[in-house]
Every structure is written in C-alpha cells, then in structure tokens.
Amino acid sequence: MLRLHDTATGTVRPFELRDPGRVSMYVCGPTVYEVPHLGHGRFTLVFDVLRRYLTFTGLQVRHVSNVTDIDDRIIQRAAREGRTEPEVAAEYEEKWWEAMDALEVLRPTVVPHATGYIPGMVALVADLVARGSAYETEDGVYLQVDTVDGYGLLARQPLESLRAGARVEASELKRSPLDFALWKKAKPGEPTWSSPWGEGRPGWHTECVVMSLHLLGDGFDLHGGGQDLIFPHHENERAQAVAEGRPFARHWMHNGWVTVEGEKMSKSLQNFTTIADLLAGGDPRAYRLLVLRSHYRRPIEVTPETIATAERGLARLDALARRLSLVDPLAAGVVVRDQAIAAAPDGVEEDSVTRFCEHMDDDLDTSAATAVVFDLVNRAHAAADDGDGSTARRLGGTVALLCGAVGLRLRGELEAPDERTQRLVDDRDAARRERDFARADALRDELVAAGWTVEDGPDGTVVHR
RNA sequence: GGCGGCGUGGCCGAGUGGUUUAGGCAGGGGCCUGCAAAGCCCCGUACAGCGGUUCGAUUCCGCUCGCCGCCUCCA
C-alpha cells in the first residue's frame, strides 16, 4: 500500500483511492509563454515516476495535466512580439512537448487547454456569485476568501496570519487583500470571452478547478504540482470547490524545487537552465536518475557536476546491460510488475522487487529504491565474474524490471560503429594479435579521441559511446 | 512579523533508539589486462552545537546557531 505525504495534513498517510484499482490524478501543467526549464523538468519527472510506479503495481491511472494557454504573460509576449496569443501559446506548447518527449515523460491521459473550458468557468463563477461567495468589482469578479471554511489549509496558516503577511497591495476594489480574481474584465486589446460581467477572461485558479473536476469528477485522488503552487494556486482552487460544496482532491502532493548553488531556480533570479540546454549537453536519462536519487520533496541541485555524476551511474547500468544483453525494459512500453515478472526470460529476484516496492511505497523513497537497483547491479556483475550466468541474468533481469518501473531506459545495445571506426577497430585487433602494442595503443588513442570508449574483451575489441 | 523545511563521512544522498552495512560519485590498496577500459574484492568508524529523557541517541524532546523557502507571478 502506497503511503504519500499529503500537504493538506502535513503527514505521510495511505493513498486511498476513490475507486479501487483506478487512480485519478491532476497535475498542474505549464503556462505556455516560455521554454521549459529544469524546474518544469523536475516536476514532470517526479509525477511521471509516480504514475509509472502506480501503473507498475497494477493500477489504472488517469493522469490529467492542463496547458494554460491564456494568461497575462502570454498576452504580454504576444503584444511585445506583434503576434497573436494563440500563436505564442502554440509555439511554446510545442517546445514543451519536445522537452517532455526527450525526457521520456509520458503524455498525460488528457491534456485540457484552458481556452477549451471557458463556458464551464463562467458557470462556476456565476454560481459562486449566486451563492454569495464571490462579488463583482469594476475590474472583475473575486472570491471572498473569508466565506470559505478552512481557507489556509494547504498553506497551513490561519486566515488571519495569511492576511497579516500579505504583501500584495490592498486593492480598494477588493474586500480583502487575499480575495482572488475568478474573472478578469477585459482591458483593451486583450482576447476576451463573453460573460454575465461583460467581456473578459478567467483567472488562473478557476481554470484548474473546473478542468480537474470536469475530467476527474468530485473527490478525485491526487492533485499535485511544485511546492510553489501550494499557495495561493492550490489553496484557491480548493477554496472554489469548497465554496461550491464539492469534494475536491483527496490527496495533495508537492515536489521540492531545483536549486542552483542553494537558491531556487527561477526566472526572476536569472539562474535557470532550459531543458533544451540540458539535453544538448548530455543524456536525458541522467536527469531522471538525478531526480530518482533524491527524495521528491527535497530540493535538488542540478549543475553540470551533479548531472555528470548521474551519467556515471547510468554508465554503470549500461555496462551491465551490455554485458548481459539486457533488453531495454521500456522497449515494449510501460512496465507492469506482474506481467513483466511472468514474461521475464530468466526470472527475477522477487525479494529485491519487494524491497524496491517497500521503499517506493514509503512516500516514494526513490533514493532507497534506486539503491536496491544498484545493489543488484553489483551482485549481477559478481555472479557473472563467478561464471554463474543464470544468476547474473536473473539479477540483471530484475535490474531491467525495476528500471522500467520508474521509466529509466537501459542502453544495452551498442551504437554501431561507422565504417571508418570499424576499420580502426579491426586494425587494432590485428595489431594486438601481432603483439604490436605501440600500434594498438595509437589506434586506441585515435578511437578515444573520436569519442569512443574502447574495451578489449575476450572476443576482441568492442567500442561504444 | 507569521508559517514551514533542512543541517549525515571528500561530494551527493537514504536511514535507524543499542550488537552489521544504505547506495552512488570521488579517493587508496589488490585482482583481472600486454597496457588500459569495464568488472570484482578490500578500505572511510559521519550524523551542526548545547542541554534533557534514557541503561544507551545521529535517531525522541527543548534550546541555540546556520542555510533555504512560502506568505506576490512562479513547477
């Protein structure tokens, strides 16, 4: 049974599903006005790992993640660049999926776009007004926060304390600085939709509550995102649902952020790296492994050094995969535990699978779970050294299974050397047979300089990169 | 001001009231190798500080210090 930290209670507690066997999860997706950076990479990887693991254990997962395609920043960018908002949104959404695909983050089951749900948002806002939870002003419609029971649950602060700390300038139009916009009345030149309050557009918090409830239903299982969404975004989503009298997310999960030299990666600090930049420099799997090696609620430092360390870990996995000719666990798609165990050609070590799952079930302790995998790697190599091929293959098969559970691809197959490289390899083998080591070493230097790793095995030289 | 998180061996990073280790990376020694690479074996007596509880605390409690974050858009 999976236990997960729940932001609403501040405790790790059982992840109890609304419908047995089926998981409904909503993860706040991107606002498409800029290219994704490593912070986006982390949250998508964290929730991808969760989703894959849930699937691994045999659950059916419905994963909804939105695209916010109308927003102040999109409008600003469009105005600045002399383009339309849909053009800007389309461009950055495309870049988003490119990055997700490269990271091997599974596409959500459903990807709602905010602009596709405007009528539902208008209806929600109208109902909140009718119920007396919201009020209209000159510039929009606001939720009156002090009408909502338990406002501050996710922030884990009472209303008074939030109010005292509010740094927003109190607008004369709002009854409280904490009241937030459900509907923004149009300013000249902005894209608009019709509503009982005139032309305008929905507030961000309204988008997500409407889409999540529409696509997953009342009392869906999990709502997630980065820790910076806890307040006000998720608090405000929840407030609307509460004001409507509708059960909202049963469980709230938030991941820690990416830091750079100890500070949060963010646009304002100008310390962000885009996913595209990361991928240009190396193996996309390294970021996944880096994420797996820490706990999802902890900050992670993502730098060239930490990525390089993860790449060495990856090299260790790949070396085993090559040695034992392990099949990439993801070649056939998402891995489901019982099916994969049944299909494993050499069996699996079920003890390790059990331990792996115990760690994962403990609030996704991926770091400890990953340690189980590396321990298997070690033992598989040792067994192979001892000439115990069947044990080695069984342990190796378990490595593949568990890597697959968290979406980590293994690269066992070698990149085929090009013709020129193969000639160098052949020449080197010949030189070694003739014990012309000076020539063999020179050829090796040449191969290494071209980026190949040279390994002399019992069957001759093998190169890979 | 309010609220929260964190502080583990050279680095990253789990975990635990006490006899036995996370794991990875880096480093040292050995094996293997023509030399390497990959791999294997061996090697580190760490838990911010100060008190308290306890037979015993890195692990529980309190305080102190330090770092980070949220209370504004933010993954």
Side-chain angles (χ1 to χ4, degrees), chain A residues 7 10 27-31 34 36-47 71-73 152 154-158 160-169 177-178 204 224-233 235 254-259 262-269 272 289-290 292-295 297-301 303 305-306 308-316 318-320 322-323 359 362 365-375 377-386 432 435-438 440-441 444-445 448 452-458 461-464:
Chain A
T7 308
V27 182
C28 285
T31 299
E34 181 57 281
H37 61 66
L38 295 184
H40 301 101
R42 157 103 116 152
F43 95 79
T44 50
L45 283 168
V46 163
F47 285 97
D71 172 87
D72 289 346
R73 291 159 295 176
L154 293 173
R156 299 187 66 69
Q157 291 197 57
E160 267 321 303
S161 138
L162 284 167
R163 202 185 332 251
R167 279 181 281 155
V168 226
E169 284 200 28
L178 293 175
W204 179 37
Q227 283 173 350
D228 42 4
L229 294 186
I230 295 171
F231 191 93
H233 184 53
E235 188 77 54
H254 295 96
N255 63 278
W257 24 70
V258 173
T259 58
E263 291 188 306
K264 181 184 171 191
M265 178 173 288
S266 73
K267 298 278 294 176
S268 51
L269 287 172
F272 66 93
L289 184 56
L290 193 58
L292 287 169
R293 285 213 288 219
S294 68
H295 188 88
R297 283 190 279 123
R298 293 288 211 98
I300 50 171
E301 191 76 19
T303 63
E305 290 71 36
T306 61
T309 301
E311 283 179 338
R312 284 191 288 271
L314 234 34
R316 193 166 157 71
D318 289 344
L320 182 73
R322 279 197 306 278
R323 183 175 190 183
H359 289 305
D362 178 16
D365 186 354
T366 53
S367 179
T370 304
V372 171
V373 175
F374 277 93
D375 188 53
V377 171
N378 203 31
R379 290 165 51 213
H381 273 305
D385 281 0
D386 287 347
R432 291 183 64 227
R435 305 191 69 75
D436 181 356
F437 296 123
D441 289 349
R444 178 167 58 201
D445 289 345
V448 168
W452 296 91
T453 298
V454 180
E455 294 183 15
D456 298 332
T461 295
V462 175
V463 293
H464 62 90

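First the proteins, then the strands, lettered A, B, ... as listed; each starts at 1. Everything numeric here is computed off the predicted structure, so don't read it as measured data.
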### Message
Taking the P atom in each of B/A48 and B/A57, what is the distance between them to the nearest angstrom?
### Response
15 Å
### Whole-Å gap separating P (B/G4) and CZ (A/Phe231)
15 Å
### Message
Using a distance-only criterion (donor-acceptor N/O pair, under 3.5 Å, no hydrogens), is the base of B/A75 paired with the side chain of A/Arg42?
### Response
no
#### Entry: B/A38 - base-pair partner by Watson-Crick or wobble geometry, distances under 3.5 Å
none
## Note on the structure
Taking a pair to mean Watson-Crick or G-U wobble geometry with both distances below 3.5 Å, B/C60 pairs with B/G52
### Task
Determine: side-chain N/O of A/Arg298 to OP1/OP2 of B/G13, distance under 4.0 Å, yes or no.
no
### Task
Would you kindly give the CD1-to-P distance between A/Ile230 and B/C71, to the nearest whole Å?
10 Å
### Message
Over all strands shown, is A/Gly41 touching base, sugar-phosphate only, or nothing at heavy-atom distances under 4.0 angstrom?
### Response
nothing
### Message
OP1 or OP2 of B/A75 versus the side-chain N and O atoms of A/Lys264: is any pair under 4.0 Å?
### Response
no
### Query
Given the C1' atoms of B/C41 and B/U21, what is the spacing between them in whole Å?
16 Å
### Query
Does any non-hydrogen side-chain atom of A/Leu289 lie less than 4.5 Å from one of A/Thr370?
yes
### Query
Where each residue is assigned the nucleotide of RNA chain B containing its nearest heavy atom, which of A/His37 and A/Ala382 is assigned the position nearer the 5′ end?
A/Ala382
### Message
Taking any heavy-atom pair under 4.0 Å as a contact, classify A/Val258: base, sugar-phosphate, or nothing.
### Response
base
### Query
So which heavy atom on A/Arg42 is nearest to which on A/Trp257, and how close?
NH2-O, 3.5 Å
### Message
Rounding to an integer number of angstrom, what distance separates B/G18 and B/G56 when you compare their C1' atoms?
### Response
6 Å
#### Entry: Rounded distance (Å) that lies between atom P of B/A26 and atom CD of A/Glu305
14 Å
#### Entry: Closest listed nucleotide, where the reference is the side chain of A/Ser294 and the choices are B/C3, B/G13, B/A75
B/G13
### Selection from B/G34, B/A37, B/C70 that lies nearest to any side-chain heavy atom of A/Gln157
B/C70
### Name of the residue among A/Leu162, A/Thr7, A/Leu154 meeting side-chain contact (heavy atoms from CB on, under 4.5 Å) with A/Phe231
A/Leu162
### Spacing of the C1' atoms in B/U72 and B/G15 (rounded, Å)
38 Å
### Message
Could you check whether the side chain of A/Arg444 and the base of B/C35 have a donor-acceptor pair of N or O atoms closer than 3.5 Å, going by distance alone?
### Response
yes
### Under-4.0 Å side-chain N/O to phosphate OP1/OP2 contact, A/Asn378 with B/G23
no
### Task
Decide whether A/Glu305 and A/Thr303 meet the rule of one side-chain donor and one side-chain acceptor closer than 3.5 Å.
yes
### Task
Sticking with atom C1', work out how far B/G9 lies from B/G27, rounded to a whole angstrom.
13 Å
### Task
Would you mind telling me which of B/A75, B/C35, B/G24 lies closest to the side-chain atoms of A/Arg293?
B/G24
### Query
Looking only at heavy atoms, which two atoms of A/His381 and A/Arg316 are closest? And how far apart?
NE2-O, 4.5 Å
#### Entry: Base partner of B/C3, which must satisfy Watson-Crick or wobble distances under 3.5 Å
B/G69
### Message
Without decimals, in angstroms, what is the distance between A/Asp445 CG and B/A37 P?
### Response
13 Å
### Message
By nearest heavy atom, map A/Gly39 and A/Val454 onto RNA chain B; which one lands nearer the 5' end?
### Response
A/Val454
#### Entry: Euclidean distance, atom CG of residue A/Asp375 to atom C1' of B/G15 [Å, nearest integer]
15 Å
### Message
If I pick the C1' atom on B/C70 and the same atom on B/A75, what distance separates them, to the nearest angstrom?
### Response
14 Å
### Query
Atom CZ of A/Arg323 to atom C1' of B/C40: distance rounded to whole Å?
8 Å
### Task
In whole angstrom, give me the gap between the C1' atoms of B/U33 and B/C40.
13 Å
### Query
Any donor-acceptor pair under 3.5 Å joining the side chain of A/Asp441 to the base of B/G34?
yes
### Message
Just N and O in the side chain of A/Arg316: are any of them under 4.0 Å from OP1 or OP2 of B/G39?
### Response
yes
### Task
Kindly indicate whether the side chain of A/Asp456 and the base of B/C35 share any N or O donor-acceptor pair separated by less than 3.5 Å?
yes
### Task
Give the rounded distance in Å between these two atoms: CD of A/Glu455 and P of B/G39.
8 Å
## Note on the structure
Note: A/Arg163 and A/Pro177 closest approach over all heavy atoms is CG-CG, 4.3 Å
### Task
Would you mind classifying the nucleic acid contact of A/Pro232 as base, sugar-phosphate or nothing, using non-hydrogen atoms under 4.0 angstrom?
sugar-phosphate
### Query
Can you tell which of B/C40, B/G34, B/G39 lies closest to the side chain of A/Ala319?
B/G39
### Query
Do A/Arg444 and A/Asp456 come within less than 4.5 Å of each other through their side chains, counting heavy atoms only?
yes
### Task
Between B/A14 and B/G24, how far apart are the P atoms? Round to whole Å, please.
15 Å
### Message
Categorize A/His254 for me: base, sugar-phosphate, or nothing, with a 4.0 angstrom heavy-atom threshold over every strand shown.
### Response
nothing
### Summary
Paired to B/G44 by Watson-Crick or G-U wobble criteria (both distances under 3.5 Å) is none
### Message
How many whole angstroms separate atom NE2 of A/His233 from atom P of B/C70?
### Response
17 Å
### Task
Using a 4.0 Å heavy-atom cut-off across all strands, classify A/Arg322 as base, sugar-phosphate, or nothing.
nothing
### Query
Which heavy-atom pair separates A/Gly39 from A/Met265 by the least distance, and what is that distance?
N-SD, 4.2 Å
### Task
Check whether the aromatic ring of A/Phe374 stacks on the base of B/G23, taking stacking as ring centres less than 5.5 Å apart and planes within 30° of each other.
no
### Query
Which is true for A/Ala164 with a 4.0 Å heavy-atom rule: it touches a base, it touches only sugar-phosphate, or it touches nothing?
nothing
### Message
Going by purine N1 to pyrimidine N3 plus the second Watson-Crick contact, or the G-U wobble pair, all under 3.5 Å, which nucleotide sits opposite B/U20?
### Response
none
### Query
Reckon A/Ser367 touches a base, only the sugar-phosphate, or nothing at all at heavy-atom distances under 4.0 Å?
base
### Task
Name the orientation class of the two ring planes belonging to A/His37 and A/His40 (parallel below 30°, tilted from 30 to 60°, perpendicular beyond 60°).
tilted
